[in-house]
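All chains are named by letter (A, B, ...) in the order of the sequence lines, taking the proteins before the strands, and each is independently numbered beginning at 1. Heavy atoms only: backbone and side chains are in, while hydrogens, waters and symmetry mates are out.
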2 protein chains.
Amino acid sequence: MPPQNLDAIFAALADPTRRAILTRLASGEAGVNELTEPFEMSQPAISKHLKVLERAGLVERAIDKQRRPARLKAKPMAAAVNWLEEFREFWSSSFDQLDDLLTTLKQTELKEPGNE
Amino acid sequence: MPPQNLDAIFAALADPTRRAILTRLASGEAGVNELTEPFEMSQPAISKHLKVLERAGLVERAIDKQRRPARLKAKPMAAAVNWLEEFREFWSSSFDQLDDLLTTLKQTELKEPGNE
DNA sequence: TCGGAATATAACCATCTAGTTATGCAAGTA
DNA sequence: TACTTGCATAACTAGATGGTTATATTCCGA
């Protein structure tokens, strides 16, 4: 809910390893070792990434014997989608205005020194 | 186009100041001073943020006398939206898998009717 | 030609990040 | 009980990030 969350969510999504983990989790829960395998990276590194995803609320951990399987929690991701959608709407709604502006800017850009 | 871009885009979106700048730019181009004013932050700090947005391809700079007005370049943002949408689709499509059954049940405590 | 406006750049600093290796610990198994 | 598995945690490191102040650059206008 707080915009601080957006910070964490976007930051979490900014890393390719973490996006890959999310994609992997989209097809089902997975333990840490399982998640580590596809990457050329140590297990603690993956544990850290999982912690980042947890803090962002994108992932939940369960307890299954010694395993701590991670599972997707996609609802918070909606916050990111939402921001982008709203932004897109906002941006689109000012499209006409923006379009004129773009033309103006382009002329300004191309304007040569020495003329009006 | 390269996924590296996604890194930069999401990272750019992870900062509230930068999101605010983008929102501001959605309603029209703006110079650095103008962008600096609403924040309790120095002008160089804003210049840095603009550079991050530029590297992510979300912003373009023009030249107008001494000004370097920034303007939105929303197309790359579509990459982020795209990833999220695709992810959402992927995730939704695996909704009926065993692994996610618990999650599904948890999230659908309100809607019972069996839809497939 | 000089001063001021708008911005960039440099140098610096504290904090965060993403990785490493080494180690600890809880739970299942022989 | 002792070993193994699955994972977390600690301690460390290099480099990125986000801010600062001070200074340089560029262009306009008087």
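Closest-nucleotide positions on DNA chain D for A:Lys48 and B:Ser42 were compared, and the one nearer the 5' end corresponds to A:Lys48. Each of A:Arg68 and A:Arg55 was matched to the nucleotide of DNA chain C holding its nearest heavy atom; the match closer to the 5' end belongs to A:Arg55.
Between A:His49 atom NE2 and C:dT17 atom P there is a gap of 12 Å when expressed in whole angstrom units. Between B:Met41 atom CE and D:dT21 atom P the separation is 12 Å, expressed in whole Å. The NZ atom of B:Lys65 sits 19 Å away from the C1' atom of D:dT25 (whole-angstrom rounding). Here the P atom of nucleotide C:dT7 and the CG atom of B:Leu50 are 10 Å apart, to the nearest Å. In this structure, the CG atom of B:Asp64 is 13 Å from the C1' atom of C:dT7, given to the nearest Å. Look at CG on A:Asp15: it is 14 Å from P on D:dA16, rounded to the nearest Å. C:dT17 atom C1' lies 15 Å from atom CD1 of A:Ile46, rounded to whole Å. Computed from coordinates, the A:Phe10 CZ to D:dT17 P distance equals 17 Å when rounded to whole Å.
Taking only side-chain nitrogens and oxygens, A:Arg18 comes nearer than 4.0 Å to OP1 or OP2 of C:dA18. B:Lys51 has a side-chain polar atom (N or O) that falls below the 4.0 Å cut-off from OP1 or OP2 of C:dT9. OP1 or OP2 of D:dA8 has at least one side-chain nitrogen or oxygen of A:Arg61 nearer than 4.0 Å. Contact annotation: A:Asn33 reaches the phosphate of D:dC7 (side-chain N/O to OP1 or OP2, under 4.0 Å).
Remark: B:Pro16 engages A:Asp7, B:Arg19 in a side-chain contact (heavy atoms from CB on, under 4.5 Å) (not counting sequence neighbours).
For A:Pro44, whose side chain is taken as the heavy atoms from C-beta onward, the closest listed nucleotide among D:dA22, C:dA27, C:dT20 is C:dT20. For B:Ala45, counting side-chain heavy atoms from C-beta on, the closest listed nucleotide (D:dC7, D:dG19, C:dT7) is D:dG19.
Each side chain to side chain donor-acceptor pair (under 3.5 Å) pair with one or both residues in residues 31-42 of chain A, not counting sequence neighbours, appears once here: A:Arg24-A:Glu34.
In terms of polar N and O atoms assigned as donor or acceptor, the side chain of B:Gln66 never comes within less than 3.5 Å of the base of D:dT26 in a complementary pairing. In terms of polar N and O atoms assigned as donor or acceptor, the side chain of B:Gln43 never comes within less than 3.5 Å of the base of C:dA6 in a complementary pairing.
A salt bridge links B:Glu85 and B:Arg88; the closest N-O separation between the charged side-chain nitrogens and carboxylate oxygens is under 4.0 Å.
With a 4.5 Å cut-off on side-chain heavy atoms, B:Phe87 and A:Leu13 do not count as touching.
With B:Arg18 contributing its side chain and B:Ala12 its backbone, the two residues share a donor-acceptor pair below 3.5 Å.
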